[in-house]
Amino acid sequence: MTEQAIQVDYIARVEGEGALKIKVKDGNISELQLRIFEPPRFFQGFLVGRRYDEVPGIVSRICGICPASHQLTAIQALEDALGIEVSQQTKDLRLLLALSQWIQSHTLHIYFLALPDFLGYESAIALARDHLPAVQRALELKRLGNDLTMLVGGREVHPVTPAVGGFTSVPSRQELQAIGERLAVARADALATIDLVASLSIPALERDCEHVALSDADGYAVNGGRLVSTKGLNIPAWQYRSHIKERHLEHSNALHSYIEGRGSFLVGPLARVNLNLEKLTPAARKIARETGVFPTGNPFYSALARSIELLHSIDACLALIDRLDPRPDNVPYTVQAGQGFAITEAPRGILYHSYRLNNQGLIEEADIVTPTAHNVASMEEDLRVFAPGVLDLPIEEATLKCEMVIRNYDPCISCSVHALRLEIERE
Amino acid sequence: MSKPRVAVYKMSSCAGCQLEILNLEPILLDLLGTVELSYFVMARRENEPGPYDIGLVEGAITCGEEIERLKKARQECHLLVALGSCACYGGLPSIKNWQPQRVVESRVYDNLAAIHSTTAYGIDYYVPVDAYLKGCPVSREELLDFIKSTLLGVRPYLRPHSVCVECKLHENVCLFVTDGAICLGPVTTAGCGALCPSRGKPCDGCRGPANDANTVSLAQTMVSYGLHHSDIARYFRKFAGMTPEFSKGAEAV
């Protein structure tokens, strides 16, 4: 009998604190745990009693990487509760804000978090010594996404302008067009990114996995639409809790999301491209088709999907900027009791927010489930299929390969913690 | 002279302050030519052991395990810096401090036996701190100014005055006076460039109290605007409710 163990005490190059432990006995996995040891921050708990108009600012602090997603999802859930229908301009600016965050977040993941693994470096800092132009390209793309977030949202991390009913201030047409010129130039960088990612050697990993994303008749869904899947799910946001549940498995401290009657599922760029390929902007759609990869069940193609979404985001932003000439046009509303629901596509996948308000606009109940919380069961299942294939490798290499499986999801652990109902196990 | 070694630690936080380091894109490579980012788990796989010249701590302290990690960080860093409002004051996680711990926990978790969360504090509740870089998130300009000053051996310029000063410099129309919007600008530390009021949003107080903050007077003004004492407490008990100044504001009326 031989025993081996793969153990990563603090998974690097992800956002937040997680650990991986795989025990192997006689060539079979006897124990596999993706442990999340990030301490809980209780957002759903302390949101109770706060006023509805504080919520967007508070929930943006759930995550420094996708603050705009939390803000926009919360705002839409609150508007659902208050019966508010915003203007087309507000919807356009919100889409622009969400896509700006996709640009910076996708760039961050592709170049800083994932690429070093594929090219054999410990970090993007080390990568810069041999591949300086690629790192410079990444820095420019990320800055462009950030500058667009700043223009529309007022700040890159934790934007300030999005509000229930509209925006506290809007950018001018001149400002938008100036950044539009930079976006047009950056298309070349996005194309170079796709070439680079397409040239990487993708590990084999096949698993029957349900893919879930938003779908919208009007285009590539970001801030709304119905929740659909590769196995027939098709529901509006308010029915989310009737279909998506969480459960506590013995081998894990985290409760795992699953679809009632089926099981774990995957959200994020790969699920979006697989389900909505025809809705991508023309250039991104053409390239996605030419790769011949999609639809695919291999989660490692998330990197390619992410790079295609980078181009899509730039083109979609250019189209929005072309038609926007923003004026203040917030809609008036009265505060009343109610319950509201919203789902958006954050960079890492679907994000669910729901709130119940009393007639003074104070929060009575908050329910938040993040993309990483949706994906954590799928990450473990990937590892169960993937790990046996790397067990013969030297332990350091096997560990790195297993870390790659997790980093491929671009997990956002801070984000997931207060949304997951999990137990914390101390070391 | 070898490059100063910098460590970045994460406690209970959103990672937004760490991200602000990477958000220095146009000068990030220059910065890396000046200091060594020796420990930065979000960005590197191979992290080097201490001691370090500068330790940047992000996040509030909310559990026993973090207290231990913080004490170790204090030992291995020459200068220990609170990076952002969570590390400075407890930040947003401190909102839960004014509700019974078990009530807040039970809204989120089923099995409370496994939850060992404590009152959320800034890091100086447990260890001495050499500098406070305020904000939610931290201001990149202040962070850079701090690093540059440290390298030059001069005192960094960290603003003591209130957000109102910066708001006036921007020639903004006062939201408080003209719109009747409740704004914490008069009692909040500047350094953000009056970011929110310049975009039509009243100050939330995310940078914590300015050094001459008269929060009692501000609370009385809020009463004259028709606010209930529970509203006033909510305003002050947000990002920096644990500070003496904001506590006084919350309890003034």
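Below, chains carry the letters A, B, ... as their sequence lines are ordered, and counting in each starts from 1. This is a predicted model, so every value here is computed, not measured.
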Using heavy-atom distances under 4.5 Å, tell me whether [X] contacts chain A through its side chain, its backbone, both, or neither.
X: B:Ser12; answer: both
X: B:Glu66; answer: side chain
X: B:Glu46; answer: both
X: B:Phe239; answer: side chain

Specify whether B:Tyr121 and B:Tyr125 have parallel, tilted or perpendicular ring planes, treating 30° as the upper limit for parallel and 60° as the lower limit for perpendicular.
parallel
Using 30° and 60° as the class boundaries, would you call the ring planes of A:His131 and A:Tyr121 parallel, tilted or perpendicular?
perpendicular
Per-residue contact mode, [X] against chain B (heavy atom under 4.5 angstrom):
X: A:Ile58; result: both
X: A:Leu47; result: neither
X: A:Glu403; result: side chain
X: A:Val170; result: neither

Please list, one pair per line, the donor and acceptor atoms closer than 3.5 Å that link side chains of residues 134-141 of chain A to other protein atoms, with sequence neighbours excluded.
| from | atom 1 | to | atom 2 | distance (Å) |
| --- | --- | --- | --- | --- |
| A:Arg137 | NE | A:Tyr111 | OH | 3.0 |
| A:Arg137 | NH2 | A:Tyr111 | OH | 3.4 |

Most chain A-contacting option - heavy-atom pairs closer than 4.5 Å, from [options]:
options: B:Leu22, B:Val103, B:Leu37; value: B:Leu22
options: B:Asn23, B:Leu195, B:Leu32; value: B:Asn23
options: B:Asp231, B:Ile95, B:Leu29, B:Val104; value: B:Ile95

Measuring from atom SG of A:Cys66 to atom CG of A:Leu351, what distance do you get when rounded to the nearest 0.5 angstrom?
7.0 Å
In terms of side-chain heavy atoms, does B:Ser13 have a donor or acceptor partner in B:Glu58 at a distance below 3.5 Å?
yes
Examine distances only and state if a side-chain atom of B:Glu20 and a backbone atom of B:Ser139 form a donor-acceptor pair shorter than 3.5 Å.
no
Give the minimum heavy-atom separation between A:Pro67 and A:Ser60, together with the two atoms involved.
CB-O, 3.5 Å
